[in-house]
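Report on the following structure.
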Amino acid sequence: MDKLLAITIFESLASGVRLDIYRLLVKTGPQGLVAGEIGSALEVPPTNLSFHLKALAHAQLVSVVQEGRYQRYRANLTLMQELIGYLTAECCAGHPEQCAEICLAPVCA
C-alpha cells in the first residue's frame, strides 16, 4: 500500500456517516447490503447516502455490484487488512518480539 492510498482511506473514514456505513458493511460480511437496507439501518436519506457510498467506493473501501434495480455494497476487508499491515509494518523498530502480544491478538474478536 502506498501513502497516498492510506491517506485517501483515512480521509474517507473521517466522516461519521461513512464510518458507520463501513462498520455496518463489515458486520454483514460477504453478503453485503443493498443501498436501501443501509439507508434504513442508519436512517440516512437516499441522496445523502448516495454521496457517502460514492466516496467510500472512490476510496476503494467498498465494492458495488449491480443486482437488477439495486446496487449491493460490500466492505473491502482485504484493503483494510492491507492498511493495518501498512500501519504496523515497522512495529517495534524491527524487534517483533517486543510486540508479540499485539501481533498475536486476533483482528476479529
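Everything numeric in this text was worked out from a predicted model, so none of it was measured.
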* Stepwise side chain to side chain contact (heavy atoms under 4.5 Å, CB included) test for Ile38 and Val44 -> CA-CA 8 Å; Ile38 297 168; Val44 177; over 6 Å; no
* Begin with the C-alpha distance, continue with both residues' side-chain angles, and end with the deciding distance and a verdict on side chain to side chain contact (heavy atoms under 4.5 Å, CB included) for Leu13 and Tyr22. => CA-CA 8 Å; Leu13 292 175; Tyr22 185 79; 4.0 Å; yes
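Residues that satisfy the side-chain hydrogen bond (donor to acceptor under 3.5 Å, both in side chains) test with Glu43, not counting sequence neighbours, are absent from this structure. With sequence neighbours excluded, no residue forms a side-chain hydrogen bond (donor to acceptor under 3.5 Å, both in side chains) with Asp20. Partners of Thr78 under the side chain to side chain contact (heavy atoms under 4.5 Å, CB included) rule, at least two apart in sequence or in another chain, are Asn76, Glu82. Applying the salt bridge (Lys or Arg N to Asp or Glu O under 4.0 Å) criterion to Arg18, with sequence neighbours excluded, gives no partner residue. Gln66 is linked by a side-chain hydrogen bond (donor to acceptor under 3.5 Å, both in side chains) to Gln71, counting only residues two or more places apart in sequence or in another chain.
The nearest pair of heavy atoms linking Arg72 to Gly32 is NH1-O, 3.4 Å. Closest heavy-atom contact between Val62 and Ala57: CG2-N, 3.6 Å.
Looking at heavy atoms from C-beta onward, Glu37 lies out of side-chain contact with Thr28 at the 4.5 angstrom threshold. The shortest distance between side-chain heavy atoms of Leu87 and Leu83 falls below 4.5 Å.
Residues Phe51 and Ile21 do not share a hydrophobic cluster, clusters being chains of Ile/Leu/Val/Met/Phe/Trp/Tyr side chains in contact below 4.5 Å. Linking ILVMFWY residues whenever their side-chain heavy atoms come closer than 4.5 Å, directly or via other members, leaves Ile7 and Leu19 in distinct clusters.
A distance of 10.0 Å separates CG in Leu5 from CZ in Phe10, rounded to the nearest 0.5 Å. In this structure, Ile9 CD1 and Tyr86 OH are separated by 10.0 Å, a value rounded to the nearest 0.5 Å.
If you run side chain to side chain contact (heavy atoms under 4.5 Å, CB included) between Tyr73 and each of Leu61, Leu53, Leu56, Leu33, only Leu53 comes through.
Under the 3.5 Å distance criterion, the side-chain polar atoms of Arg74 are left unmatched by any main-chain donor or acceptor of Val26. Counting only distance, with no hydrogens or angles, the side chain of Ser50 and the backbone of Pro46 share no donor-acceptor pair below 3.5 Å. Side-chain atoms of Ser12 do not come within 3.5 Å of backbone N or O of Thr8 as any donor-acceptor pair.
Cluster partners of Val34, by chain and number: Tyr70. The rule joins Ile, Leu, Val, Met, Phe, Trp and Tyr whenever side-chain heavy atoms lie under 4.5 Å apart.
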